[in-house]
Structures are given as C-alpha cells and as structure tokens.
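Order of appearance sets the numbers: ligands from 1, and atoms from 1 within every ligand. Everything numeric here is computed off the predicted structure, so don't read it as measured data.
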Amino acid sequence: MRILIVEDEKKMASFLERGLKEEGYTVDIVYDGETGWECAMTNEYDLLILDWMLPKMSGVELCGKLRNEGKTVSVLILTAKDSVEDKIMGLDQGADDYLTKPFSFEELLARVRALSRRPAHLQDKTVLQNLDLKMDLIKRMVFVGEEEISLSQKEFALLEFLMRHAGEVVSRTAIAEHVWDLHFDPMSNTIDVYINFLRKKIAEKNAKSKIETVRGTGYRLANQ
Ligand code: CA
C-alpha cells in the first residue's frame with residue numbers, strides 16, 4: 001500500500017508519516033497542492049491523503065482535477081472545516097472520505113484500511129488467503145497453515161501486494177510503485193533481495209504457496 005500525503009503543516013505531515021510507516025505503509029509526503037498534483041500524476045498510489053487548505057492548489061481542487069483526468073485512486077480529505085456544505089463540496093469533487101481535524105490516529109487508520117479495501121480489484125476482506133498462506137491485515141499476522149511466520153514491515157507489504165495479485169505476473173516496476181517510496185532506486189536489486197527473504201521464510205514452513213520468478217518480467221505468487 002503506497003500512500004501520498006499532501007499536507008503543508010510540517011508537524012502534522014511528519015506525525016502522519018511516522019504513524020503510517022509504523023503500520024507498514026509506504027508513504028510519500030509533499031507540502032503543496034501543485035507538487036501533490038505532479039506526484040499523483042506520475043506515480044501509482046493506492047490512497048491520497050489531502051489536506052483541504054494547501055498552498056498553490058487546495059486539496060479539494062486537486063482531487064477534482066485528478067478525477068477529471070480519470071484517476072480513480074482513493075482520496076481521503078483532512079480538514080478543519082466541518083460544516084455540511086463543505087463536506088458536500090468535497091465529496092462532489094470526488095473525495096471518498098473525510099476526516100475533521102483534530103482526529104485520533106486510530107480513526108485515521110480505520111479509514112485508511114476501509115479505503116484501501118474499496119477498489120474493485122481488491123476484495124473487501126481483512127484476511128487474504130492463497131492456498132495455505134493466510135494474511136490477517138488487521139492483526140498484521142501471516143500464517144502458513146496454523147503456523148505463524150514473522151515478517152518485517154517491507155516483507156509484509158510485499159507479500160500483501162503479491163497476495164492481492166495472486167496468480168498474476170507482477171513486474172518489478174509495479175512492485176516498486178506500490179511497495180516502495182519515491183526514494184527507491186529502480187536500478188538496485190532491493191526487490192529481488194526482499195523476494196528471496198520472503199521465499200525463504202515461506203519455504204521454511206513447507207508452504208504450498210510459492211513465489212515464482214517469471215524471467216525478464218517479474219514475479220508471480222502461484223495460486224494453484
Ligand atoms: Ca493546511
């Protein structure tokens with residue numbers, strides 16, 4: 001899950017970044033609407049968290065512009081405004097959800113989880129299953145059969161992406177776009193290294209699920 005945060009209050013931005021990273025999300029941060037627009041147009045995000053009042057372009061305006069370009073990414077708007085008219089205006093511009101400041105981080109997380117389940121290609125589930133491999137997205141636990149395997153946050157995020165696309169070939173580019181942030185070096189072998197960590201941990205439990213290498217293309221989590 002890769003999230004873009006557009007928030008000009010630096011303290012709020014770093015609070016969100018730290019919290020979401022701790023939960024295993026991949027997070028990019030920018031501080032004004034225009035840069036947010038450029039980022040959202042050039043990268044693949046699973047969710048945008050936009051502050052309403054931003055320099056250069058408001059979060060609501062940015063959301064409307066992205067929708068006009070046909071971008072279907074989930075959008076959560078943060079706002080100090082809480083009048084009904086304000087909310088309607090934001091929702092009319094294509095926002096999926098709202099959170100009024102101040103809010104608790106727990107509530108933000110619950111909404112992020114709900115929004116990340118929303119796109120049609122993602123099943124509305126809190127548990128992902130592929131053969132004998134099971135991921136509990138709320139408790140952030142992974143099992144092979146009844147046995148738990150312990151994964152780092154990056155390994156968890158990588159496996160979640162593979163599980164959501166089980167049976168499909170996913171390219172290194174797609175993995176980099178959804179699991180790593182803007183500072184990721186596409187020329188590095190980081191993805192292959194993490195795939196190998198994951199493979200080893202899964203194989204140690206004699207799992208039926210296997211991560212296959214598709215030569216020249218990427219990886220596939222076998223689903224049969
Ligand atoms: Ca602001």
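Look at M12 and the Ca ion (ligand 1): no N/O/S atom of the residue is under 3.0 Å from the metal.
For the salt bridge (Lys or Arg N to Asp or Glu O under 4.0 Å) criterion with K201, the lone passing option out of E147, E155, E148 is E155.
Within D8, the N, O or S atom lying nearest to the Ca ion (ligand 1) carries the name OD1. The Ca ion (ligand 1) is closest to atom OD2 of D51 (considering only N, O or S atoms).
Within a 6.0 Å sphere centred on NZ of K134, heavy atoms belonging to other residues, nucleotides or ligands number 12 at most.
A cation-pi contact, defined as under 6.0 Å to the ring centre and within 45° of the axis, is absent between K154 and Y194.
A donor-acceptor contact shorter than 3.5 Å links the side chain of R111 to the backbone of Y98.
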